[in-house]
Amino acid sequence: MQNTQLRDILNEAREQIENAANRSETEEARVRFLGKKGRLTEILRSMGTLDPEERKALGKLANDARAEIEGMLTRKFEKVKAAEHALRFSAEAVDVTEPGAPLRIGAKHPITRTIEAISRIFMRMGFSVTEGPEVETVFNNFDALNAAPNHPSRELTDTFYITEDTLLRTQTSPVQVRTLLSQAPPIKVISPGRCFRVDTADATHSPMFHQVEGLLVDEDVSMSDLKGTLDVFAKQMFGEDVKTRFRPHFFPFTEPIAEMDMSCFKCGGRGCRVCKGGGWIEVLGCGMVHPNVLRVGGVDTERHTGFAFGMGVERIAMLRHGIDDIRLFYENDMRFIEQFG
Ligand code: DAH
C-alpha cells in the first residue's frame, strides 16, 4: 500500500517541482513534501507501526524517494536562482556606450562678477577686502556713523529693525566702524556686501542690494588722495577716457562730502540714453571721514585723517552691461545669468 503511495508522492513531487516558476514556489514544494508536516515525512513517521521486515524494505524506498526529491529540489533551486540573477542583470544593465548627459556648468552671477571686478581694481591699489555682518547694531549702522538721532533713514519706514538695537544694515558703512574699532591706522580696506532698505521693488529699487564700501586712514590723507584713487577706479572700471567730477553732497559720516560723477562712457559726454542726455553719470558717494567717526575708533584725529566711499554694485553692473531693470538680478533665470561669462 505505502509502496504505491510513495510512487504517487514521487510523481507529484516531480511534477510540482518541475512546474515551480520561481524560488518561492520551489520552496512551497519543498515544504509540501519534505517539511515537518510534509507528505513523505508523514509516511516515514507512520512506519513505526510496521513489523521490522516491512519497515526495513519500505524505509529504504522512502529514503531513496527522499534523496531523489532533495536532488530535484537542489537542481531546481539552482535553476530559479540563476534565472532570477539573469533577470536582474538584464534589468539593471547599463549601456556604457550611450552618450552621457551633458553636465550643466553654472555661471558666476553678474553681481558677484562686478564685486570681483571692483575688488580687483582696489586690491591692485593696495586695499584689502574685509566683510561685515548683514545683521548690525543700530550703533554701528547709525550712531557711530554720526547720524542724528532724528535722521530720517532711521525710521521704521526706511529700515528693517530686528530688535530695538539691531537691524538689517542699510549700508556697508558700518564696516568702517568695525574696522576702526579693530585696527589701528594705516587702514586701507574695501568691504563688499548686502544691504537692506524698506523699498518696493521696481526697475531701479530693491529691498536687498549690494554696496562696496571703502575706507583709508593714514597720516596726511587729503581730499586729493580720494579724488585720485576714485578717478583711477572709474577709468579702470569704465574706460581710460572717462573723466570724473565731484559735487558737494550730504552724508552724516563724512566732511567734506561729495558725490562722484563720471563722464558718460557710452557717448563720451555728448548726451545719450545711458546718461539720460546729461553727459554725466552719478557713480558713488564719498568724502573725508568725519572726525566724530574716527574718534569712535579711538583714532588720534590730530595725526590721522581718512577718506571713505560707498557705491551701489547693482548700479555699476547695470551701467556696465546695459541692464535696465534691477529685478533681473534676483530672478535667477539662467538665460540672464549666463550672458555675463
Ligand atoms: N553709505 C552711503 C549710502 O548708502 C554711501 C557712502 C557715502 C559711503 C559716502 C561712504 C561715504 O563711505 O563716504 O548711500
Side-chain angles (χ1 to χ4, degrees), residues 115 118-119 122 127 129-134 136-148 151-155 158-160 167-181 183 187-199 204-218 221-231 233-234 244-262 281-294 296-297 299 301 304-316 326:
I115 288 175
I118 296 168
S119 302
F122 285 104
F127 285 78
V129 179
T130 180
E131 279 183 48
E134 290 163 13
E136 256 299 359
T137 59
V138 170
F139 179 79
N140 285 347
N141 195 85
F142 289 127
D143 303 335
L145 288 170
N146 204 36
H151 194 275
S153 64
R154 291 181 183 251
E155 295 288 322
D158 286 300
T159 299
F160 292 111
L167 43 68
L168 293 180
R169 67 177 175 189
T170 62
Q171 47 190 355
T172 43
S173 305
V175 182
Q176 289 188 35
V177 179
R178 290 179 174 271
T179 307
L180 287 167
L181 285 169
Q183 252 171 270
I187 291 169
K188 207 174 175 186
V189 296
I190 57 163
S191 185
R194 273 192 195 112
C195 307
F196 307 84
R197 283 180 202 174
V198 182
D199 249 330
T204 53
H205 294 85
S206 160
M208 187 279 293
F209 55 97
H210 298 74
Q211 289 187 336
V212 175
E213 192 77 13
L215 174 69
L216 185 146
V217 182
D218 205 343
V221 180
S222 69
M223 193 81 185
S224 65
D225 296 313
L226 164 66
K227 287 167 118 178
T229 304
L230 294 178
D231 187 71
F233 164 71
T244 53
R245 73 175 184 192
F246 293 78
R247 277 179 296 106
H249 200 75
F250 181 77
F251 297 103
F253 36 87
T254 17
E255 181 59 42
I257 316 159
E259 227 172 26
M260 183 180 85
D261 298 337
M262 65 177 174
I281 298 172
E282 188 189 307
V283 185
L284 51 76
C286 58
M288 301 304 290
V289 183
H290 198 289
N292 286 354
V293 178
L294 290 176
V296 171
V299 175
T301 51
H304 292 109
T305 46
F307 68 71
F309 55 88
M311 65 187 87
V313 177
E314 278 80 352
R315 182 171 165 70
I316 289 180
I326 196 172

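Computed over heavy atoms, backbone and side chain alike; hydrogens, waters and symmetry mates excluded. Numbers here simply count residues along the sequence, with the first being 1. Quick caveat: nothing in here was measured; it's all calculated off a predicted structure. Ligands are counted one by one from 1 in listed order, and the atoms in each one are counted from 1 as well.
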Quick test of your reading of the model: are D261 and R247 salt-bridged, counting only N-O distances below 4.0 Å? yes
Checking side-chain polar atoms at under 3.5 Å, does D231 have a donor or acceptor matched by the opposite partner on T244? yes
Just to be sure I understand the cut-off, which residues have at least one non-hydrogen atom under 4.0 angstrom from an atom of ligand 1? Q171, S173, Q176, R197, Q211, E213, F251, F253, T254, G285, C286, G287, A308, F309, G310
Who are the salt bridge (Lys or Arg N to Asp or Glu O under 4.0 Å) partners of E136, not counting sequence neighbours? R178
Any side-chain donor near an acceptor of the partner, E213 and S173, under 3.5 Å: yes
Any side-chain donor-acceptor pair under 3.5 Å between Q211 and Q171? no
If the plane angle is over 60° it's perpendicular, under 30° parallel, otherwise tilted; pick one for F122 and F127. perpendicular
